[in-house]
Amino acid sequence: MRHTSWAALAEQIGSYHDAWKAAGHPGKGQVFVSSPTYIAETDERACSEPRESIIHFYHEQANLLEGAAKLVDPETAARRMRRVEQLRKIDYDDALRTNALVGSPDTIVEKLRSLQAEIGLSGILAELNCGGLIPHDRVLAAMQLLCGAVKPRFAV
């Protein structure tokens, strides 16, 4: 799920790994998730630069989910509307704590290693400008840091 917290993903990934093993597959199965991601040279810049864009992303996700709730059965619609309200109320600190990956390359590497160990995450699909409001040059800089300073620290 696109805006599920890391904590909620732990249970879902555990269930997936259990089912993978029960089905007789070798290993434990890979799990990748989309995450609002932003990398800058320092943690301070990384936290300040994408604030407006990340909050805009969650509000736009709420609008899309609200529209989708009108197209399903009442029980599913009610569940989606509860998520809509959560997304509309989320503040930036909550987003950083529960779902977004934001920081310097060292901070991102630390967080990704922690997520690998704690919840069994294999990797991420980094949404470097999920809200669409970050200037292009900053998105390119974040991509360069991701590819040059983060990715090489993980085995392929």
Side-chain angles (χ1 to χ4, degrees), residues 1-62 64-65 68 76 79-134 138-139 141-156:
M1 296 182 71
R2 193 164 192 193
H3 358 79
T4 302
S5 71
W6 302 123
L9 278 173
E11 183 178 335
Q12 294 171 8
I13 291 171
S15 294
Y16 171 73
H17 286 160
D18 291 345
W20 179 270
K21 186 175 181 175
H25 298 295
K28 63 180 185 176
Q30 293 186 326
V31 177
F32 293 81
V33 297
S34 294
S35 175
T37 304
Y38 190 75
I39 306 168
E41 294 80 7
T42 66
D43 286 331
E44 293 77 22
R45 283 192 52 207
C47 286
S48 67
E49 291 175 359
R51 177 183 295 269
E52 181 183 356
S53 190
I54 287 176
I55 291 300
H56 178 71
F57 164 75
Y58 285 110
H59 291 170
E60 286 301 307
Q61 289 296 300
L64 291 170
L65 198 54
T76 303
R79 187 175 60 249
R80 287 183 181 175
M81 288 309 296
R82 285 191 298 275
R83 187 63 184 143
V84 165
E85 292 308 313
Q86 291 172 338
L87 289 170
R88 287 193 172 134
K89 291 178 184 176
I90 196 166
D91 70 21
Y92 190 60
D93 291 334
D94 286 339
L96 295 182
R97 189 178 61 260
T98 63
N99 182 255
L101 292 169
V102 173
S104 66
D106 287 343
T107 297
I108 297 296
V109 167
E110 182 180 316
K111 182 67 174 178
L112 287 172
R113 286 191 174 139
S114 173
L115 290 169
Q116 282 180 320
E118 293 172 16
I119 70 171
L121 190 64
S122 304
I124 60 163
L125 306 170
E127 296 183 82
L128 295 174
N129 191 10
C130 59
L133 303 178
I134 300 170
R138 296 307 319 150
V139 176
M143 187 180 302
Q144 288 171 337
L145 288 169
L146 177 65
C147 294
V150 175
K151 185 180 178 293
R153 293 163 73 178
F154 292 89
V156 178

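Numbering starts at 1 and runs along the sequence shown. Keep in mind the model is a prediction, meaning the values are calculated, not measured.
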Going from [atom1] on [X] to [atom2] on [Y], what distance comes out if it is rounded to the nearest 0.5 angstrom?
X      : Y      : atom1 : atom2 : value
Gln61  : Arg83  : CD    : CZ    : 9.5 Å
Thr37  : Ile124 : OG1   : CD1   : 4.0 Å
Glu118 : Ile13  : CD    : CD1   : 11.5 Å
Arg88  : Ile90  : CZ    : CD1   : 13.5 Å

Salt bridge (charged side-chain N to carboxylate O under 4.0 Å, His left out) pairs, two or more places apart, involving residues 48-57: Arg45-Glu49, Glu49-Arg138
Is there a donor-acceptor contact under 3.5 Å from the side chain of Ser53 to the main chain of Cys130? no
Check for a donor-acceptor pair, side chain of Asp91 on one end and backbone N or O of Ala95 on the other, with a separation under 3.5 Å. no
Taking side-chain hydrogen bond (donor to acceptor under 3.5 Å, both in side chains) as the test, write out the residues that go with [X], two or more places apart.
X      : answer
Ser48  : none
Asp43  : Ser104, Thr107
Gln116 : none

Given side chains that start at C-beta, do those of [X] and [Y] come closer than 4.5 Å, heavy atoms only?
X      : Y      : answer
Phe57  : Pro50  : no
Asp106 : Glu110 : no
Leu9   : Leu115 : no
Val150 : Leu112 : yes

Provide the closest heavy-atom pair for [X] versus [Y] in the form atom of the first, atom of the second, distance.
X      : Y      : answer
Leu133 : Asn129 : N-OD1, 3.2 Å
Leu65  : Arg80  : CD2-O, 3.8 Å
Arg97  : Trp6   : O-CD1, 3.9 Å
Ile119 : Ala10  : CG2-CB, 3.3 Å
Ala46  : Tyr38  : O-CD2, 3.5 Å
Cys147 : Pro152 : O-CD, 3.3 Å

Distance-only donor-acceptor hits, side chain of residues 17-33, under 3.5 Å, sequence neighbours excluded:
{"residue": "His17", "atom": "NE2", "partner": "Lys28", "partner atom": "O", "Å": "3.4"}
{"residue": "His17", "atom": "NE2", "partner": "Gly29", "partner atom": "O", "Å": "3.2"}
{"residue": "Trp20", "atom": "NE1", "partner": "Pro26", "partner atom": "O", "Å": "2.8"}

Can you tell me if Glu41 has over 12 outside heavy atoms packed within less than 6.0 Å of its CD? yes
Set out, in order, the CA-CA distance, both residues' side-chain angles and the distance that settles side chain to side chain contact (heavy atoms under 4.5 Å, CB included) for Leu145 and Ile108, then state yes or no. CA-CA 10 Å; Leu145 288 169; Ile108 297 296; over 6 Å; no
Would you please name every residue forming a side chain to side chain contact (heavy atoms under 4.5 Å, CB included) with Ile55, sequence neighbours left out? His59, Tyr92
